[in-house]
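Let me begin by presenting the structure, written as structure tokens, before commenting on it.
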Amino acid sequence: MAKALDPHAAIVTEAGGLDQGGTLKTADGRPLKAALARSSRRARRRAFLLVLPLLLFVLISFVVPIGQMLQRSVKNDGFSANMPQLSAWFHDNPRGTEPDDAAWAALAADLTAAAQARTVGVVGTRINYDMPGTRSLFTSAGRQARGGIEPPYREAILEMDAKWGDPRLWSVMREASSPYTTNFYLAAVDRTRDEQGEVVAAPAQQQIYGKLFLRTFWLSLAITATTFLLGFPVAHLLATLPMRQSNLLMILVLLPFWTSLLVRTTAWIVLLQQQGVVNDVLVWLGVIGNNQRLQMIFNQTGTIIAMTHILLPFMILPLYSVMRTINPSYVRAARSLGATSWTAFRRIYFPQTLPGLGAGALLVFILAVGYYITPALVGGSSGQLISNMIAMHMTQTLNWSMAAALAALLLGGVLILYWVYDRLVGIDNLKLG
């Protein structure tokens, strides 16, 4: 026989937060679970509103410009927007179709319109990206076509310049007739398209980007390794020296941050040149002869030395932030149990510094990959990085599509290495302090 429910117990249960079904309630009678969920939503909403200004700033000033720049790597309507009739003919006729009278008529009409609108230079520049040396062909034809081209159009245009009959030129114009193209990415990996549209290797004298990418990653790895070899002992001293000496050493580590990048780079030019301080000291000490002065500037050696000096603090500071938290009693305990100093360092101390080492290595490597001012000043022809080529296309050739393609490939390579690092080491093991 079931026990009768005590009326006083029921009243206490309902008033104290439980209904007769056992559901927890708040003081105002709402289910506790729903009230907690509502409170959590309000907290998340307040937190989101607090970071919303920063989020909008990052989106407007960082994400959107990068997205627009990367779009240029696959979109360039310099030809298609200014040569609409010829672009339409390419769209209506499959690859391999010989230019007929309609194609030459469309070319004549577009050249005349572009010359009158003063956009023929834009058209020539777009074609010149894929077929160097053709911009002058378009500008010359534009000057002659400003008053119009009389039929027969084929003979009239060929009379301007016989290069208009080159099948390679028509193949390139066909590729440019679409505003969207992958040709800039092909050029970024030293590839191009032949007259049949097949992807082939670029001419040997134009294969420069692959070598630059390899050089960039190789020099970045060398700089990262050098900063580790130089920075590890300094970080260890910072973490173990008494406070007074440690503070003085920290000032010396941070000193490069207080000096202009151009000043530091120029100082290295003065130090490393053949008539510079370093060579003078070596000659004075008798290490080398006066006619055997070392070439340490305007090459890869200069790039490594100057960039190691600039990026060294980015390796030291993460290492120091981790080393200062390592309990020295661990190493003393290992040595008291019979381990040698090397064994205690290798098996006890060094593994505990890996989070700081990983953070410093990532910082230095990613910064080194994107540096272009220092390699431009001290690297010479053999010490240039892919970032210098990107800067050249942005400021000199104005081929922003090519610059965007190179930057996208560089970003992709860094992300792949970041993913590999995460798989091998684990990004959660990084520590910046």
Side-chain angles (χ1 to χ4, degrees), residues 67-142 144-146 148-189 191-200 202 398-402 404-405 408:
Q68 291 178 339
M69 190 64 194
L70 292 180
Q71 184 188 31
R72 290 177 175 267
S73 66
V74 294
K75 182 181 180 181
N76 191 314
D77 59 354
F79 183 90
S80 60
N82 297 292
M83 304 284 281
Q85 296 188 41
L86 185 58
S87 298
W89 184 89
F90 283 127
H91 179 73
D92 296 334
N93 293 270
R95 183 179 295 277
T97 304
E98 290 292 330
D100 55 14
D101 292 338
W104 289 100
L107 176 60
D110 285 339
L111 281 175
T112 302
Q116 294 173 350
R118 300 182 183 277
T119 58
V120 70
V122 177
V123 177
T125 299
R126 171 64 185 91
I127 301 302
N128 195 74
Y129 291 155
D130 295 331
M131 190 175 178
T134 53
R135 189 181 188 279
S136 59
L137 179 67
F138 279 85
T139 55
S140 175
Q144 299 178 60
R146 190 163 297 171
I149 301 177
E150 299 294 332
Y153 299 111
R154 183 179 184 278
E155 288 73 11
I157 294 175
L158 289 177
E159 186 177 350
M160 296 179 184
D161 199 312
K163 293 180 181 178
W164 284 106
D166 187 355
R168 168 67 176 157
L169 175 62
W170 284 85
S171 175
V172 171
M173 289 194 296
R174 176 181 288 276
E175 293 293 333
S177 63
S178 172
Y180 294 94
T181 178
T182 59
N183 285 358
F184 295 107
Y185 281 99
L186 291 178
V189 293
R191 296 292 183 270
T192 187
R193 295 185 184 275
D194 59 12
E195 297 174 9
Q196 290 73 38
E198 300 295 330
V199 177
V200 297
L398 301 182
N399 189 352
W400 286 18
S401 295
M402 191 67 210

S80 side, atom OG; M173 side, atom CE - distance, nearest 0.5 Å: 13.5 Å
Nearest heavy atoms of R95 and Q196, plus distance in Å: CD-O, 3.1 Å
S177 (side chain) donor-acceptor with R174 (main chain) under 3.5 angstrom: yes
Heavy-atom pair of closest approach, residues M83 and V123: CG-CG1, 3.7 Å
Minimum side-chain heavy-atom gap L111-L86 below 4.5 Å: no
Listed once per pair and sorted, the side-chain hydrogen bond (donor to acceptor under 3.5 Å, both in side chains) pairs that draw on residues 114-133, sequence neighbours left out: N82-T119, T125-R135, R126-D130
From W164 atom CH2 to D166 atom CG, the distance as rounded to the nearest 0.5 Å: 11.0 Å
Closest heavy-atom pair and its distance - I149, A156: CG2-CB, 3.8 Å
Check: R146 and V120 side chains under 4.5 Å, non-hydrogen atoms: no
Q144 CD to S140 OG distance, which is reported to the nearest 0.5 Å: 4.5 Å
E155 versus P152, closest heavy-atom pair with distance: OE1-CB, 3.1 Å
Validation row: K163, R168 side chains within 4.5 angstrom (heavy atoms): no
Taking every non-hydrogen atom, the tightest pair across G142 and A115: O-CB, 3.1 Å
V199 and R193, any side-chain heavy atoms less than 4.5 Å apart: yes
Point-to-point distance, once rounded to the nearest 0.5 Å, from OH of Y180 to CG of N76: 11.5 Å
Sub-4.5 Å side-chain heavy-atom contact between L137 and I127: no
P167 side chain near E98 side chain, heavy-atom distance below 4.5 Å: no
Heavy atoms from other residues, nucleotides or ligands near CG of D100 exceed 12 (cutoff 6.0 Å): yes
Within-4.5 Å side-chain heavy-atom neighbours: Y185 and V74: yes
Approximate separation, where rounding is to 0.5 Å, of F79 CZ and S178 OG: 11.5 Å
Residue pair W89 / L107, side-chain heavy-atom distance below 4.5 Å: no
Heavy-atom closest contact (S73 atom, A405 atom, distance): CB-N, 3.5 Å
Rounded distance (nearest 0.5 Å) linking atom CZ of F184 with atom CG of N399: 5.5 Å
